[in-house]
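Please read the structure below before turning to the comments.
Computed from a prediction, not measured in an experiment: that's the story for all the values here. In what follows, chains carry the letters A, B, and so on, assigned in the order in which the sequence lines appear, proteins first and then strands, with residues in each chain numbered from 1.
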Amino acid sequence: MPDERPRSLLKAMARPGYLLSPWPLRALLYGIATPLSALLWGVPLVLLGMPWLILAASIADNAHGASPAPGEVVLLVVSGALLLATAGPLVAVPGAALERLRVRLVDDRPLPTPHREPRRPGLAAWFATRYTEGATWRGMAVLVLTALLFLPLTGTVGMLLLLGATMAGTPVLVFMDEAPITLGPWVVDTVGDTWLPSLAGAAVLALGAYFGGLAVAAQVELVRFMQRDRGEEALRAELSEVTRSRARLVDAFEAERRRIERDLHDGAQQRLVALSMRLGLARLDLPEGSAARESIAEAQEQAKRALVELRELVHGIHPQVLTDRGLEAALPELADRCAVPTEVSVELDRRPPAHTEATAYFAVAEALANTAKHSGAASARVHARLEAGMLVVEVADDGRGGAQAAEGGGLTGLADRAAVADGRILLSSPPGGPTLLRLELPCP
Amino acid sequence: MSVTPDDRPNGTDRAVRTVLAEDGVLLREGLSGLLERFGFTVVEAVGDAAALEEAVHRHDPGLVVTDIRMPPGYSDEGLRAAVRLRRERPGLAVVALSQYVEQSYAADLLDSGGGAGVGYLLKERVADVEEFAAQLGRVAAGGTVVDPEVVRQLLRRRRDPLERLSGREREVLAEIAEGHSNTAIAQRMHLSEAAVGKHIGNILAKLDLPPDDGLNRRVMAVLTYLRGA
């Protein structure tokens, strides 16, 4: 069964057939490309780093007595940092992209871009994204490390390979009448003398293939490590964005509820009240017992019923009392509507933010509805207080317990609501009761 | 017109000078018409709480009818203005109208000026035009009128001792809260006055309240009890 073909230089080097495979040649191409690529992004990077280079040079000069003035040092450090921070990404992003592209020469594993898609089209969004993501600055680090570490290393390997090639090539050189050739201890005059240096040259070339291969592999692994698509990082960024957008959505829903409540109040309710009043006045003008008066009375009755329904509906959408007077007034009112006798105590020395109040209010509404529907409780208790930066609301009943957060059920909805506000719900409801539901919401 | 005689504001000028505050134009005009038709004089009709206070200062009316929720905040501006006005002018009668009832609003009003000359009603009560006008008249005459819905809420809250009341007695209790006299209650519930008196005696006894003939004090006693104060 044939082995799977190696997909990276490091894997290929671990195999016996490495020297005869295309891999050394691929590594050689990569090595040749390194200084060419470095030239492209290195020149602008050196220009940006010029203040720091000048500083380094003057400190080196310091050995000869010419120490730089403190003001000068600060100026150079700051201007260098400023230049790199502002224009650095403009070099780092394409530079790192070129380095990633080169990795393909010696590596068949995929290396997708580590950069995020800008949230909006346009240059401003591109800048905002690139300057704030880690991948850009890690890309910069790749370039600096390449310039400081791998460029010299590549040069060394290059020299080694050149030496090996020369030694191995002595028979050709002699044949081309270049003799005598001095190779360190050896002086080669005739083709017959060349067997030793060419053999040694072949050994050096083989060594170079491994040593150079290692150097290239190290560089590639570095690029891959620094420029890998940080799945979890992207996920985390996405998650926090999702969390934020969810909170925004909930806020938008809340605002929308208020708007609808207000529209109904100013519109339909107002009109219905005015209508039923007009009907009432019209009725007065009709003779008692007349058919017209009867039907007006009937119409008025219907308008009244519509008003009552509308009032209940509006109250369910967003209770005005919560907006006006907070939980202190809204929770007792909620308890009054509950079929189970409920005692309420609210100990708040200040009003929590509107969305926190709304979350707590609707949570208690849901909890009390559950109590009334399922618990068979004879009494319930609601307690709201502030506790170490948290709004804590507890709803307890003496019912039969066994409440569970069923999929899509009221309790799950409660937990979801709490989670949006960065809070949580704790539920203790053993079979046989009692049930205690505790809601904790951050309340700075 | 079938305003029952005892619901007329006793001894007061029928043409009660009234300031009306309501931000909905439709309703404001409708209410103006209603008030005029039932003999009130609407000296000014305004659309927000600040204008209400100004108008009261300008006209020194006998009665204020105000919406609770008004510009600019669409919160309880009307109520707060009413409470302020009553603090300034103890004799001023105020009826607050609200799209929904909230006992803490009722409490604020009742606590101002000892609860005399105060009304708190659901807006939709204006549909019963005659009854509504009669209620305004009672408040203008120094009476107290509280929406039955508030009483219902309070009854729910203090349910234990109220278990002792019979169904009839609860109905009578609601009538008392609306500021009706014994005679009016008897008419409205098709009972004899003596029967009403007996019910009221029972209610006051069961709630450990002193018997009292004054309409206003009777309402207040019941409400104070219900509020658990």
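Side-chain contact between B:Leu27 and A:Met277 is present, with heavy atoms from C-beta onward closer than 4.5 Å. Counting heavy atoms from C-beta outward, B:Leu26 and A:Gln270 have side chains that stay 4.5 Å or more apart.
A salt bridge between B:Arg69 and A:Asp266 is absent, with no side-chain N of the basic residue lying under 4.0 Å from a carboxylate O of the acidic one. Taking the charged nitrogens against the carboxylate oxygens, A:Lys304 and B:Glu124 have no contact shorter than 4.0 Å, which rules out a salt bridge.
Atom NZ of B:Lys123 and atom OG of A:Ser276 lie 11.5 Å apart (nearest 0.5 Å). To the nearest 0.5 Å, atoms OG (B:Ser75) and CD (A:Gln320) are separated by 6.0 Å.
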For this session: Test B:Phe38 against A:Leu284 for side chain to side chain contact (heavy atoms under 4.5 Å, CB included), laying out the working first.
Result: CA-CA 11 Å; B:Phe38 281 89; A:Leu284 288 184; 3.5 Å; yes
Exercise. Going through the checks in order, is the side chain to side chain contact (heavy atoms under 4.5 Å, CB included) test met by B:Glu149 and A:Arg311?
Worked result: CA-CA 12 Å; B:Glu149 193 64 31; A:Arg311 172 152 52 88; 4.1 Å; yes
Problem set entry | From CA spacing to verdict: salt bridge (Lys or Arg N to Asp or Glu O under 4.0 Å), A:Asp285, B:Arg37 | CA-CA 12 Å; A:Asp285 295 334; B:Arg37 175 158 185 173; 2.5 Å; yes
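Within the 4.5 angstrom heavy-atom criterion, no atom of A:Leu279 approaches chain B. With a 4.5 Å cut-off on non-hydrogen atoms, B:Leu122 touches chain A through its side chain but not through its backbone. Only the side chain of B:Leu79 comes within contact range of chain A, with at least one heavy atom under 4.5 Å from a heavy atom of that chain.
Screening A:Val273, A:Leu264, A:Val314 against B:Gln99 for a side chain to side chain contact (heavy atoms under 4.5 Å, CB included) leaves a single residue, A:Val273.
Heavy atoms from other residues, nucleotides or ligands lying under 6.0 Å from CZ of A:Arg381 number 12 at most. Around atom CZ of A:Arg424, no more than 12 heavy atoms belonging to other residues, nucleotides or ligands sit under 6.0 Å away. No more than 12 heavy-atom neighbours from other residues, nucleotides or ligands sit within 6.0 angstrom of CZ on A:Arg278.
Here the shortest heavy-atom pairing between A:Arg325 and B:Tyr105 reads NE-CE2, 3.2 Å.
When A:Glu343, A:Arg271, A:Glu328, A:Gln300 are compared by the number of non-hydrogen pairs under 4.5 Å with chain B, A:Gln300 comes out ahead.
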